[in-house]
Amino acid sequence: MTALVRPLAESDIEVVARIHAASWRTAYRGMLQDEFLDGDLEANRAVLWTKRLSPIPRGHFGYLASYDSQPVGFAFAFGEHDAQWGTQVDNLHVLQDFRSKGIGSMLLASVAAQAVDTHGHLGVYLWVYEQNLAARKYYEGLGAVAVERAVITPPGGGKVSEWRYTWRSAAALLSALRRGA
């Protein structure tokens, strides 16, 4: 089976909230507070995704990935979000059982392709928790450069460090993904 990717729609709020919560529970354990991750995270994420997808604001865009007709991941971006850094990839999540199958790369390539089409003159960036070493290694392998470190209060409280990773252009990111870097 292969994964299929399609644009996000307002009708995807529930499934995106479910994937987001499940991904956070596995990927961010030890980074975010256990009490927060063990709470009603799906409802928390549903509030966020209702705001973001009802309706999707102009310039924002995202994609949903399905594997064997089952939704397994999503990506969401704020186009032309920052004058210096460009389009922000705010979310890229794949359910644990479907990681390492190229689904995250397919989602990121869809975001990069749309960023090329709509904001091609700008770069792309995202924030990654410092402890998320696998994600940092993946983005560095795609040519991203860590340019800024910040200490933030994440959802659920506490303090975590994160890094801003950037690509000079959406085309550079898309090219790296197509090469399979």
Side-chain angles (χ1 to χ4, degrees), residues 1-79 81 87-112 114-115 124-139 150-165:
M1 293 286 149
T2 59
L4 299 174
V5 174
R6 67 160 173 81
L8 278 174
E10 188 172 342
S11 60
D12 295 321
I13 291 168
E14 265 186 49
V15 72
V16 167
R18 182 180 50 76
I19 292 169
H20 199 174
S23 176
W24 273 18
R25 283 190 176 113
T26 58
Y28 293 163
R29 187 71 59 184
M31 295 175 222
L32 300 182
Q33 303 261 335
D34 285 346
E35 299 80 28
F36 176 68
L37 293 174
D38 294 335
D40 194 358
L41 193 52
E42 220 170 289
N44 175 283
R45 299 293 82 196
V47 169
L48 172 77
W49 290 107
T50 298
K51 289 177 188 173
R52 288 191 177 170
L53 299 178
S54 302
I56 298 175
R58 187 170 185 264
H60 296 189
F61 52 92
Y63 295 89
L64 182 70
S66 295
Y67 191 85
D68 197 18
S69 300
Q70 176 187 351
V72 297
F74 75 96
F76 193 78
F78 305 128
H81 186 257
T87 295
Q88 180 183 6
V89 179
D90 188 57
N91 285 271
L92 177 59
H93 296 281
V94 176
L95 294 175
Q96 184 172 0
D97 290 346
F98 296 90
R99 292 183 188 146
S100 299
K101 295 182 183 302
I103 295 169
S105 294
M106 288 175 65
L107 286 163
L108 191 55
S110 296
V111 167
Q114 184 157 346
V124 175
Y125 75 99
L126 46 76
W127 289 93
V128 182
Y129 290 138
E130 188 169 76
Q131 290 178 278
N132 194 347
L133 300 178
R136 292 176 60 194
K137 181 178 177 182
Y138 172 72
Y139 297 130
V151 177
I152 63 158
T153 301
K159 294 286 183 200
V160 296
S161 298
E162 64 180 3
W163 284 92
R164 183 193 308 255
Y165 276 84

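Hydrogens, waters and symmetry mates play no part in the numbers below; they use all other heavy atoms, side chains included. All residue numbers in this chain count up from 1 along the given sequence. Because the structure is a prediction, the values reported are computed rather than measured.
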Exercise. Measure the shortest side-chain to side-chain distance between V5 and F74 over non-hydrogen atoms and say whether it is less than 4.5 angstrom.
Key: no
Practice problem: Ignoring hydrogens and angles, tell me if any N or O in the side chain of S23 forms a donor-acceptor pair with the backbone of H20 under 3.5 Å. | Solution: no
Self-check item: Side-chain heavy-atom pair L41, W24 within 4.5 angstrom cut-off
Solution: yes
Practice problem: Could you pull out the closest heavy-atom pair between T87 and A115, with the gap in Å? | Solution: OG1-CB, 4.2 Å
Quiz item: Are V128 and Y139 close enough, and set up right, to give a side chain to side chain contact (heavy atoms under 4.5 Å, CB included), and what steps lead you there?
Solution: CA-CA 9 Å; V128 182; Y139 297 130; 3.6 Å; yes
Quiz prompt | Flag side-chain contact, heavy atom, 4.5 Å: V151 against V160 | solution = no
Self-check item: Nearest-0.5 Å distance, CG of residue L108 to CG of residue L92
Solution: 5.5 Å
Exercise. Identify the heavy atoms of S69 and S66 that sit nearest to each other, and give their distance.
Key: C-CB, 4.2 Å
Self-check item: Q114 versus Y63, side-chain donor and acceptor atoms under 3.5 Å
Solution: yes
Exercise. For R99, enumerate each residue passing the salt bridge (charged side-chain N to carboxylate O under 4.0 Å, His left out) test, keeping only those at least two apart in sequence or located in another chain.
Key: none
Self-check item: Value rounded to 0.5 Å, distance of CG in L107 from CG in L64
Solution: 8.0 Å
Quiz prompt | Option among I19, L95, V16 that satisfies the side chain to side chain contact (heavy atoms under 4.5 Å, CB included) test with P71 | solution = I19
Exercise. Report the distance from atom CG of L133 to atom CD of Q131, rounding to the nearest 0.5 Å.
Key: 8.0 Å
Exercise. Indicate the atoms forming the closest heavy-atom contact of Y129 with R136, along with that distance.
Key: O-CD, 3.7 Å
Self-check item: Spacing of OH belonging to Y28 relative to CG belonging to L37, to within rounding of 0.5 Å
Solution: 10.5 Å
Quiz item: Is the side chain of T50 donor-acceptor paired with the backbone N or O of A46 at a distance under 3.5 Å, no angle test?
Solution: yes
Exercise. Write down the atom of F98, the atom of I103, and the distance for their closest heavy-atom approach.
Key: O-CD1, 3.7 Å
Quiz item: Tell me, which pairs form a salt bridge (charged side-chain N to carboxylate O under 4.0 Å, His left out) where one or both residues lie in residues 42-52, sequence neighbours left out?
Solution: R52-D90
Self-check item: For I13, the option from L48, L53, V47 that meets side chain to side chain contact (heavy atoms under 4.5 Å, CB included)
Solution: L53
Practice problem: Write down the atom of N91, the atom of H93, and the distance for their closest heavy-atom approach. | Solution: OD1-NE2, 3.3 Å
Self-check item: Separation of I152 CD1 from S161 OG (nearest 0.5 Å)
Solution: 9.0 Å
Quiz prompt | Over 12 foreign heavy atoms within 6.0 Å of CD, E14 | solution = no
Practice problem: Could you name each residue pair satisfying salt bridge (charged side-chain N to carboxylate O under 4.0 Å, His left out) that touches residues 16-35, not counting sequence neighbours? | Solution: R29-D34, R29-D38
Quiz prompt | ring pair (Phe, Tyr, Trp, His ring centres under 6.0 Å) partners of Y165, counting only residues at least two apart | solution = none
Self-check item: F61 side chain near V111 side chain, heavy-atom distance below 4.5 Å
Solution: yes
Quiz item: Which heavy-atom pair separates L8 from A75 by the least distance, and what is that distance?
Solution: CD1-O, 3.8 Å
Practice problem: Could you tell me whether the side chains of S105 and Y138 share a donor-acceptor contact shorter than 3.5 Å? | Solution: yes
Practice problem: Please collect all salt bridge (charged side-chain N to carboxylate O under 4.0 Å, His left out) contacts where either partner lies in residues 152-162, sequence neighbours excluded, each pair once. | Solution: none
Self-check item: Centroid-centroid distance, W49 to F76, less than 6.0 Å
Solution: yes
Quiz item: Who passes side-chain hydrogen bond (donor to acceptor under 3.5 Å, both in side chains) against Q70, sequence neighbours left out?
Solution: none
